[in-house]
Amino acid sequence: MSTREISVTVNGTAHRHAVEPRLLLSDFLRHTLGLTGTHVGCEHGVCGACTVLLDGDSVRACLMFAVQADGCRIDTVEGLGQIGALNPLQEAFHAHHALQCGFCTPGMLMTATDLLKKYPLATDDEIREGLSGNLCRCTGYQHIVAAIRTVKDDA
Amino acid sequence: MKPAAFDYVVADSVDAAVAALGRGDAKIIAGGQSLVPMLNFRLLRPSVLVDINRIPGLAFIRDDDTSIKIGALARHHQLETSPVIARHFPVLAEAMRHVAHLAIRNRGTIGGSLSHADPAAELPMMAMLLDAEMHVARTSGTRTVAARDFFRDALSVGLGEEEIVTEIVVPKLPPHTGWGFEEVARRSGDFALAAVAVTLTLSDGTIVQARIAITGVAPTPRRVTSAESMLVGARLDRGVDDDVIESVRAVAEPETDLHASADYRRHLVGVLARRALGAAWRRAA
C-alpha cells in the first residue's frame, strides 16, 4: 500500500507521519495520533461529532483525508482547555449541564467555537440554526444553547 | 465505512488537473462534501483522486464590470459573506445560508456543487436563475457552457470525463430588480423539499423582466419560462394570479420519497412561488 508523508500541526504540536491516501482525517487523529477526543458517529458528514478546526475553520474530519491536511493547522477538542483549566466555552457547558452522555460534545464545542467567531448570534434561533448540523440525542439542545448564549453575552 | 484504496494526485494547476483526469478512472476532489460520503459508502471507487484544492488563484470573487466572476474553488461560506455578492446578488447570499451547515459551507466549493448537481441543491438553481455561464477547461483549451445547457439530469451535467469547471460568470442584474428566495426543508440545513428563487425587474411600476427558478421538485433545477412571460407587463400590488402559480406547479415533476409526497411538493412549490414573487415585488418597488 503506497503511503505519503504529511506534516500537520495539531493543537500546536508538529507531527510527521506516513499515511495511506484513503485514511480519513478523523481516523488519523484518533488512531494515528491517539487523540480520541474527536468522536466518530456517522462517517458521512451528518452527525457533526467529528468536527475539528482546519486552519481555524470548522470542518467534518470524516469528510476529508489526512493527506489533504498536509501543511495545515488542526485544532481538536483536546486543544481547547485542560482539566482544571477549561476554556470559557467548556466552563459554560459545565455550568449549564450542556452534556449528558458526552458523545456529541467535542463536535458541539468545535462548532460553537467557529459559530461564535463568525456569526452575531443575536438570537437563540440563530444559535439553534448554527447547531443544526450537530446531532445530540440527550440534552434537547436547550442547555447547549444556553451555554453558548452565556459565552456570547459575556464576550 | 472506509473508502476503497485510491491513488492521490495533488494538482498544482488546472492543466495538471486535466492531465491527471486522463489517468484511468479518476475523479476530482474539491471540497469533497458530497464526494467523500459517496467514497465512504463505496458508492464510488475511483482509482485516482485528483485534489484541486491547492491550485492557486481559483478561489476568487471578482467584480468584472458587467458580471461577477467566481472561481471554482470559492467556498459556500465565501459567497455567503462576500460584500460583492451581497451587493450584486443578495438572492445568492440568502440562498447560501440554506446550504447545509457552517462546517460544510466552510469546505464545499461552488465548482463542486455545480458539477455534482444534486437535484435539490441551491447553487445549481442559482446558476439557472442568474443565467450563469460555466468556464470549462479541457485538454484542448477551454469552452463555455450556459447553465441552461449544463444540468442534464439528476447528478448529471454536460461535462466530459476530462473536463473541469474553473470559473462561473454571473451577469449583473439590471437596476430596479427585486428578489425573493423561499425554501422549505424538513430540518434546518437539509436539502430542500422545494425551493423557489425569483428576480423581478420593474420599469414605471410594471414588470419588464421576470425570472423564476425552482429546485427539489424535478431531476434538475428548472426555470419557469411560462410564468415568467405571463408576468411581463404585470403588477403585483394585488397579489399573484393563480395562473402564474399553476404554471409553476406544471413545470415541477416531483417524486415521492421518505421526506414528502409528490403531491405535497407540487403544492409547496406553488406556495413558495407566491411568497417569493411577493417578496421580489416589494423589494423592486
Side-chain angles (χ1 to χ4, degrees), chain A residues 1-4 6 19-27 31 40-72 107 110-119 125-135, chain B residues 1-11 26-54 59 75-78 80-81 96-109 112 183 185-191:
Chain A
M1 206 65 74
S2 74
T3 59
R4 202 171 277 253
I6 60 164
V19 296
E20 240 195 288
R22 65 165 162 170
L23 182 69
L24 295 170
L25 179 60
S26 44
D27 288 338
H31 303 159
V40 170
C42 71
E43 279 192 332
H44 64 287
V46 171
C47 78
C50 70
T51 305
V52 299
L53 304 184
L54 176 78
D55 289 334
D57 296 319
S58 58
V59 300
R60 308 285 206 226
C62 75
L63 292 191
M64 64 179 285
F65 299 105
V67 69
Q68 296 187 280
D70 186 25
C72 294
M110 302 319 283
T111 298
T113 300
D114 201 19
L115 288 175
L116 285 160
K117 200 171 58 190
K118 289 183 176 156
Y119 292 103
D125 278 355
E126 207 182 336
I127 295 176
R128 285 178 181 279
E129 195 178 311
L131 293 176
S132 61
N134 290 71
L135 303 185
Chain B
M1 295 188 305
K2 314 295 176 191
F6 51 80
D7 278 340
Y8 175 75
V9 176
V10 176
K27 198 91 184 135
I28 296 268
I29 182 165
Q33 302 300 285
S34 300
L35 178 65
V36 179
M38 298 206 298
L39 295 173
N40 288 357
F41 281 120
R42 301 202 179 191
L43 292 171
L44 288 176
R45 306 172 70 129
S47 54
V48 183
L49 221 50
V50 181
D51 191 341
I52 61 168
N53 282 285
R54 292 176 195 262
R75 316 270 161 180
H76 286 75
H77 187 66
Q78 247 177 295
E80 180 189 347
T81 54
M96 286 306 96
R97 300 209 61 170
H98 291 261
V99 179
H101 316 287
L102 177 60
I104 308 288
R105 297 197 293 267
N106 278 335
R107 195 88 190 128
T109 66
E183 173 173 323
R186 277 277 189 189
R187 293 157 300 204
S188 167
D190 278 11
F191 277 112

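Proteins get letters first, then strands, A, B, ... in listed order; numbering begins at 1 in each. These numbers come from a predicted model, not from an experiment.
- Distance check, rounded to the nearest 0.5 Å: CD1 of B/Ile104 to CG of A/Leu63 gives 5.5 Å.
- Contacts of B/Arg97 with chain A are made by both backbone and side-chain atoms, with heavy-atom separations under 4.5 Å.
- With contacts defined as side-chain heavy-atom distances shorter than 4.5 Å, the pair B/Ile29/A/Phe65 qualifies.
- At distances below 3.5 Å, not a single donor-acceptor pair connects side-chain atoms of B/Arg107 with backbone N or O atoms of A/Val59.
- The part of A/Leu54 that comes within reach of chain B is its side chain, from C-beta onward, which places non-hydrogen atoms under 4.5 angstrom from that chain.
- When every heavy atom of A/Glu129 is checked against every heavy atom of B/Ser188, the shortest pair comes out as CG-OG, 3.3 Å.
- The nearest pair of heavy atoms linking B/Ala103 to A/Arg60 is CB-NH1, 3.9 Å.
- Going from atom CE of A/Met64 over to atom CD of B/Gln33 covers 9.0 Å, rounded to the nearest 0.5 Å.
- Per-residue counts of heavy-atom pairs under 4.5 Å with chain B were compared for A/Val46, A/Leu53, A/Asp70; the largest is that of A/Asp70.
- Once rounded to the nearest 0.5 Å, the distance linking CZ of B/Arg187 with CG of A/Leu135 reads 7.5 Å.
- Note: A/Cys72 SG to B/Asn53 CG = 9.5 Å, rounded to the nearest 0.5 Å.
- Residue A/Asn134 does not touch chain B at all, counting heavy-atom pairs closer than 4.5 Å.
- Heavy-atom pairs under 4.5 Å with chain B peak, among A/Leu23, A/Val67, A/Thr51, A/Leu131, at A/Val67.
- Proximity to chain B (any heavy atom under 4.5 Å) is shown, for A/Arg128, by neither the backbone nor the side chain.
- Below 30°, between 30° and 60°, or above 60°: for B/His77 and A/Tyr119 the angle between ring planes is above 60°, a perpendicular geometry.
- Your options are B/Ala4, B/Gly32, B/Ala100, B/Gly189, and the one with the most heavy-atom pairs under 4.5 Å with chain A is B/Ala4.
- Judged by distance alone, the side chain of B/Asn106 and the main-chain N or O of A/Ser58 form a donor-acceptor pair under 3.5 Å.
- Nearest approach of A/Ser132 to B/His101, heavy atoms of both residues: OG-ND1, 3.2 Å.
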